[in-house]
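For clarity, every value in this text was computed on a predicted model and none was experimentally measured. Throughout, numbering of the chain's residues begins at 1 and tracks the sequence.
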Amino acid sequence: MTDLFNKVFLLTLFLILSSLLVLSATPASYADTARVEDDCASMTISSSDPDTNGAYYIDMEGVVLDSYYYFAAIFLDGSLMDHDSSFFSTSFSASYGPYSDEHTFRLEMRGHGAKDICVSSLELKASGGKKDPVEMSNNICTAIKELDAEAFKNNPIQRKNALCNKLSEVASLADYAEDSSDPIIKSQFYVDAIEKLSKDIGAKMDSNYGGQAKNDWITSSDAQSELFPMVEELRTTLQDLL
């Protein structure tokens with residue numbers, strides 16, 4: 001009896017530690033999440049935000065209700081990819097990846113409900129997508145061109161054109177970096193792009209974000225709230241590519 005108790009205790013401890021390790025590796029932010037809770041189980045599937053290479057991870061968690069065990073089956077695009085079970089726990093968690101293409105993930109959990117075996121399932125379609133600095137620069141330029149004239153301190157047409165020209169330079173520098181096979185030259189191009197983005201573009205619209213108001217070209221609070229986060233996202237993307 002003592003040996004059986006020790007084995008059960010050690011197995012339970014192993015499952016808890018395994019769950020903690022999975023949770024510690026779970027990404028902090030998610031691009032999409034699906035949840036379900038029914039009479040059988042409560043389950044969640046989440047896809048992480050893609051990194052700069054377009055890679056993402058899938059986190060799955062589930063608890064079978066009113067049961068003493070679980071069986072979990074994980075499907076990728078309709079085909080069984082993995083499975084797990086335990087007669088000493090009703091909680092399941094796991095992380096899969098990295099992926100970059102679009103896939104449909106499904107978690108199916110079985111347990112023993114109040115009367116009979118119960119089954120619950122949940123699906124999530126997820127995809128990656130490498131962040132392209134050139135495309136991001138163009139998107140910022142488009143958003144600037146769509147601003148009303150009142151969003152600018154003065155000379156809206158000239159300043160729209162000037163900011164878009166500066167964004168074109170940032171895109172070119174990012175392109176040069178991408179094409180370079182020399183890591184030192186590659187890094188220098190990215191550094192130059194970040195510096196231009198911060199000093200010549202972000203600084204022209206940052207008074208609502210701790211910057212100086214006197215050198216802002218875009219003075220509308222709404223316009224800054226739309227554009228400055230886009231500039232910061234591009235800066236972070238370029239920084240991650242260093």
Subject >> Close side-chain approach of Leu227 to Ile144, heavy-atom, < 4.5 Å >> reply: yes

Original post:
Looking only at side chains, do Ser220 and Glu150 share a donor and an acceptor under 3.5 Å apart?
Top reply: no

Subject >> Non-hydrogen atoms of Tyr70 and Ala72 that approach each other most closely >> reply: CD1-N, 3.8 Å

**OP:** Could you check if a side-chain atom of Gln212 sits within less than 4.5 angstrom of a side-chain atom of Ser207, using non-hydrogen atoms only?
**Re:** no

**OP:** Only pairs at least two apart or in different chains count here, so list each side chain to side chain donor-acceptor pair (under 3.5 Å) that has a residue in residues 166-176.
**Re:** Glu169-Lys196

Original post:
Closest approach of Met109 and Val63, non-hydrogen atoms and distance?
Top reply: SD-N, 4.1 Å

Original post:
Quick one: OG on Ser46 to CD on Glu61, what's the gap to the nearest 0.5 Å?
Top reply: 7.5 Å

Original post:
Within the distance-only criterion (no hydrogens, no angle test), does the side chain of Ser67 pair as donor or acceptor with the backbone N or O of His112 below 3.5 angstrom?
Top reply: yes

Subject >> No-hydrogen, no-angle side-chain donor-acceptor test under 3.5 Å, Asp32 and Ser47 >> reply: no

Subject >> Main-chain N/O of Thr237 paired with Lys131 side-chain donor or acceptor, under 3.5 Å >> reply: no

**OP:** Could you pull out the closest heavy-atom pair between Arg235 and Ser198, with the gap in Å?
**Re:** CD-OG, 3.6 Å

**OP:** Mind checking ring pair (Phe, Tyr, Trp, His ring centres under 6.0 Å) for Tyr68 and listing every partner two or more places apart, or none if nothing turns up?
**Re:** none

**OP:** Say whether, by atom type as modelled, one donor and one acceptor occur between the side chain of Asp192 and the main chain of Glu195 under 3.5 angstrom.
**Re:** no

Subject >> Option passing side chain to side chain contact (heavy atoms under 4.5 Å, CB included) with Ile194 (candidates Val170, Thr236, Leu242, Leu241) >> reply: Leu242

**OP:** Flag yes if more than 12 heavy atoms outside Asp39 fall under 6.0 Å of its CG atom; otherwise flag no.
**Re:** no

Subject >> Shortest non-hydrogen contact between Thr104 and Glu123, atoms and distance >> reply: CG2-OE1, 3.9 Å

**OP:** Start with the C-alpha gap between Asp51 and Asp240, add the side-chain angles, then the distance that decides, and say whether side-chain contact (heavy atoms from CB on, under 4.5 Å) holds.
**Re:** CA-CA 9 Å; Asp51 61 21; Asp240 290 342; over 6 Å; no

**OP:** To the nearest 0.5 angstrom, please state how far the CZ atom of Arg159 sits from the CG atom of Leu147.
**Re:** 13.5 Å

Original post:
Any side-chain heavy atom of Glu146 within less than 4.5 Å of one from Thr142?
Top reply: yes

**OP:** Could you grab the distance from atom CG of Asn215 to atom CG of Asp206, nearest 0.5 Å is fine?
**Re:** 6.5 Å

Original post:
So, for Tyr209 and Ser225, which heavy atoms are closest and what is the spacing to 0.1 Å?
Top reply: OH-CA, 3.3 Å

**OP:** Flag this pair as yes if the NZ/CZ of Arg106 is under 6.0 angstrom from the six-membered ring centre of Phe75 and inside a 45 degree cone about the axis; otherwise no.
**Re:** yes

Original post:
Under 4.5 Å between side-chain heavy atoms, hopping through other hydrophobics if needed: is there a path connecting Met60 to Leu124?
Top reply: yes

Original post:
side-chain contact (heavy atoms from CB on, under 4.5 Å) between His103 and Phe105: does it pass, once the steps are laid out?
Top reply: CA-CA 6 Å; His103 295 289; Phe105 301 88; 3.6 Å; yes

Subject >> Heavy-atom closest contact (Leu65 atom, Ser42 atom, distance) >> reply: CG-N, 4.5 Å

Subject >> Same cluster (ILVMFWY, side-chain, under 4.5 Å), Ile140 and Leu238 >> reply: yes

Subject >> Distance, nearest 0.5 Å, that separates CG of Asn139 from OG of Ser137 >> reply: 8.5 Å

Original post:
Do the side chains of Leu107 and Ser121 get nearer than 4.5 Å, heavy atoms only?
Top reply: no

Original post:
Side-chain heavy atoms under 4.5 angstrom apart, residues restricted to Ile, Leu, Val, Met, Phe, Trp, Tyr: same cluster for Ile74 and Val36?
Top reply: yes

**OP:** Starting from the C-alpha separation in whole Å, work towards a yes-or-no answer on side-chain contact (heavy atoms from CB on, under 4.5 Å) for Ile218 and Phe228.
**Re:** CA-CA 10 Å; Ile218 297 174; Phe228 190 77; over 6 Å; no

Original post:
Ile58 and Tyr99: side-chain contact (heavy atoms from CB on, under 4.5 Å), yes or no, with the steps?
Top reply: CA-CA 8 Å; Ile58 293 295; Tyr99 304 96; 4.3 Å; yes

Original post:
Under 3.5 Å, side chain of Lys153 to main-chain N/O of Trp217, donor-acceptor pair present?
Top reply: no

**OP:** Indicate, with yes or no, if Ile201 and Val191 share a hydrophobic cluster defined by side-chain heavy-atom contacts under 4.5 Å among Ile, Leu, Val, Met, Phe, Trp and Tyr.
**Re:** yes

Original post:
Atom OH in Tyr56, atom OG in Ser100: separation rounded to 0.5 Å?
Top reply: 7.5 Å

Subject >> Test item: Asp216 side-chain N/O and Thr219 main-chain N/O as donor-acceptor pair under 3.5 Å >> reply: no

Original post:
Linking I/L/V/M/F/W/Y whenever their side-chain heavy atoms sit closer than 4.5 Å, directly or via other members, would Phe71 and Met81 fall into one cluster?
Top reply: no

Subject >> Min side-chain heavy-atom separation Leu173-Tyr190 under 4.5 Å >> reply: no

**OP:** To the nearest 0.5 angstrom, please state how far the CG atom of Leu80 sits from the CD atom of Glu108.
**Re:** 9.5 Å

